[in-house]
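Treat the numbers as computed from the prediction; the structure is a model and nothing was measured.
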Amino acid sequence: MKKFFIAIAAFAATIFAVSTEADACSRILYVGTDSLRIVGRSLDWKTPIPTNIYVYPRGIAKVGSDRPGAVSWTSKYGAVYAVGYDSGITEGMNEKGLSVNGLFCKGTVYVNPKTDNRPPMSLAMFVAWMLDNFSTTDEVVTELKKQDFTISGSTFDGGTVSTLHWGITDPSGRCAILEFDNGDVRVYEGQDMLAMTNDPQYPSMTAINDYWVKVGGINMLPGTVKSPDRFVRGYFFTGHVKKTSDKEIGLSIIRSILANVSVPYHYAIESEPNVSSTQWRSFSNLRDRIYYFDVVTNYGTFYVDLKKCNLRKGAPIMKFVSAKDPMTVGDITHKMERTKGFVPSY
């Protein structure tokens, strides 16, 4: 027993070395029965990130950057986007049930000399490019591996650089984790990849989780807000909850798991000035095409039902301001208002 606790202490020190400050965001996949899959994610940051909900129809011409030679496309699919600061897409889900979630990852480096002359793509539009053009994870991965673009993006929140990686999930449970390693695309693929948080990068994170799987979550789980601890807890709980086909019960289950891996609002430790509180959570029901949103300072969860949205070419872009009424709860599909769309911060 003494050796066991010494091993635990040594491993905890290793985790501390690779994650010396609390990072931001968790993504957990709930897999139920009858094809029910719900992607839950939390967005954690040191200050509130105003995030509004947009629904874009098919058939809109878009560009990935304002730089010469930028990636351009016309959307094949309608989608719901979560847009931070009304200038960049954080995540979303399209009408085919494809979900993309962008999470922070400190070790990300987007460019190298090989990417210099490739068509530019801004982080503000990268998620839109994936959701607009592809219906499955495999389709996205095939295109990503070509790496026919170079990623860039403006800073935000007083100069913060958006170093991100992305979780991609479709209704069949096909998943991919996209990371940039010194400018090179790295894609980790699998079926029903249950957890994703921040750094270290995905291979190192899964090695940490493998250790805790052997320990056994019933016996012990790491409890801090650090990225590896949140990954381990989310992975364990989503693998040990009831499997249901009921979308309401499934939502309740994934909401409770996300609450467990979230960071309490205004949580602070003097020795860790970069601790980030959970600002909002989202839940993408891939089977039923329902996108739920939960701002922690609001009184409840509201949602957009993509099946009820007009996504035909020529339909208006619709917007819902998440901070407009903190009492908003339930279906907002028909409460959204026409808009010209957001202006990307390239």
Side-chain angles (χ1 to χ4, degrees), residues 25-44 51 53 55 77-82 90-103 127 130-131 134-137 140 166-177 190-197 230-262 278-296 298 300-309 322 329-333:
C25 316
S26 303
R27 168 211 167 271
I28 306 298
L29 173 62
Y30 172 74
V31 182
T33 59
D34 192 25
S35 300
L36 179 64
R37 286 180 172 83
I38 305 175
V39 178
R41 74 81 54 88
S42 62
L43 184 138
D44 307 345
T51 304
I53 309 303
V55 171
Y77 307 109
V80 56
Y81 307 143
T90 303
E91 64 165 25
M93 178 177 67
N94 72 16
E95 62 181 293
K96 295 297 184 180
L98 180 70
S99 171
V100 178
N101 309 96
L103 281 68
V127 170
M130 289 185 270
L131 293 176
F134 308 109
S135 62
T136 68
T137 298
V140 181
W166 292 266
I168 305 163
T169 317
D170 70 22
S172 74
R174 287 294 299 165
C175 298
I177 308 298
Q191 180 67 27
D192 292 325
M193 299 168 79
L194 299 180
M196 175 185 178
T197 53
R230 289 183 280 110
F231 186 107
V232 169
R233 292 202 306 279
Y235 183 95
F236 174 78
F237 285 121
T238 199
H240 291 81
V241 289
K242 176 181 178 178
K243 304 295 183 182
T244 181
S245 63
D246 186 301
K247 66 178 184 295
E248 304 300 340
I249 295 175
L251 175 64
S252 297
I253 290 171
I254 189 63
R255 285 181 68 194
S256 65
I257 295 172
L258 257 290
N260 185 279
V261 300
S262 294
T278 295
Q279 303 293 335
W280 54 258
R281 306 176 187 92
S282 71
F283 307 92
S284 299
N285 180 332
L286 309 185
R287 182 191 69 183
D288 301 301
R289 313 301 198 258
I290 302 173
Y291 181 77
Y292 302 87
F293 205 73
D294 176 17
V295 182
V296 298
N298 286 12
T301 300
F302 56 84
Y303 66 89
V304 174
D305 188 338
L306 277 180
K307 301 187 303 298
K308 298 178 182 178
C309 295
S322 63
V329 178
D331 191 350
I332 63 159
T333 309

| request: Verify side-chain contact (heavy atoms from CB on, under 4.5 Å) between Phe134 and Asn94, making sure each step is shown before the conclusion. | output: CA-CA 9 Å; Phe134 308 109; Asn94 72 16; 5.9 Å; no
| request: Find the distance between CZ (Arg41) and CG (Leu103) and round it off to the nearest 0.5 Å. | output: 4.5 Å
| field | 4.5 Å side-chain heavy-atom contact, Ile290 and Lys307 | value | yes
| query | Does OH belonging to Tyr235 count more than 12 external heavy atoms closer than 6.0 Å? | reply | no
| Do we see a donor-acceptor contact under 3.5 Å between the side chains of Arg233 and Asn260? | yes
| message | Do Leu98 and Thr137 make a side-chain contact, defined as non-hydrogen atoms from C-beta onward lying under 4.5 Å apart? | response | yes
| task | Supply the atom-to-atom distance Tyr292 OH to Ile38 CD1, rounded to the nearest 0.5 angstrom. | result | 6.5 Å
| Residues forming a side chain to side chain contact (heavy atoms under 4.5 Å, CB included) with Ser35, sequence neighbours excluded | Arg287
| Are Arg230 and Thr197 close enough that a side-chain donor and a side-chain acceptor fall under 3.5 Å? | no
| task | Would you please say whether a donor-acceptor pair under 3.5 Å links the side chains of Arg27 and Thr169? | result | yes
| Contact summary for Thr51 and Ala82, nearest pair of heavy atoms | CG2-CB, 3.8 Å
| message | Checking Thr136 against Ser172 for the side-chain contact (heavy atoms from CB on, under 4.5 Å) test, could you report, in this order, the C-alpha distance in whole Å, the side-chain angles of both residues, the deciding distance, and whether it holds? | response | CA-CA 9 Å; Thr136 68; Ser172 74; over 6 Å; no
| said: Can you give me the closest heavy-atom contact between Thr278 and Ser42, atom names plus distance? | reply: CG2-CB, 4.0 Å
| Within the distance-only criterion (no hydrogens, no angle test), does the side chain of Asp294 pair as donor or acceptor with the backbone N or O of Arg281 below 3.5 angstrom? | no
| said: To the nearest 0.5 Å, what is the distance between CH2 on Trp280 and OG on Ser262? | reply: 11.5 Å
| task | Compare all side-chain heavy atoms of Gln191 with those of Arg174 and state whether any distance is below 4.5 angstrom. | result | yes
| query | Under a 4.5 Å cut-off applied to non-hydrogen side-chain atoms, are Thr238 and Leu29 in contact? | reply | no
| remark: Residue set satisfying side chain to side chain contact (heavy atoms under 4.5 Å, CB included) with Phe302, at least two apart, ordered chain then number -> Ile53, Phe293, Asn298, Phe320, Ser322, Thr328, Ile332
| request: Side-chain contact test, heavy atoms from C-beta onward, threshold under 4.5 Å: evaluate it for Val31 versus Leu194 and give yes or no. | output: yes
| Do you know the tightest heavy-atom contact between Lys96 and Ser135? | CG-CB, 3.7 Å
| note | Test salt bridge (Lys or Arg N to Asp or Glu O under 4.0 Å), reference Arg37, set Asp192, Asp288, Asp170, output is Asp192
| said: With heavy-atom distances below 4.5 Å as the criterion, would you say the side chains of Val127 and Thr90 are in contact? | reply: no
| For Gly250 against Thr244, the heavy-atom pair lying closest together | N-CG2, 3.7 Å
| message | Looking at every non-hydrogen atom in both residues, tell me the closest pair between Leu286 and Ser99 and how far apart they are. | response | CD2-CB, 3.6 Å
| remark: So OH of Tyr291 and CD of Glu91: to nearest 0.5 Å the spacing works out to 3.5 Å
| Set of residues satisfying salt bridge (Lys or Arg N to Asp or Glu O under 4.0 Å) with respect to Lys308, sequence neighbours excluded | Asp331
| Could you give the distance from CE (Met130) to OH (Tyr77), rounded to the nearest 0.5 Å? | 15.5 Å
| Phe231 CZ to Ile28 CD1 distance, which is reported to the nearest 0.5 Å | 7.5 Å
| request: Specify the closest pair of heavy atoms between Ala79 and Leu306, including all atoms of both residues, with the distance to one decimal. | output: C-CD2, 4.4 Å
| query | Are the side chains of Asn285 and Leu251 in touch, meaning some heavy atoms are under 4.5 Å apart? | reply | no
| said: Just to verify, which of Ile168, Val39, Leu43 counts as forming a side chain to side chain contact (heavy atoms under 4.5 Å, CB included) with Asn101? | reply: Val39
| request: Answer yes or no: is there a side-chain heavy-atom contact under 4.5 Å between Arg289 and Pro171? | output: yes
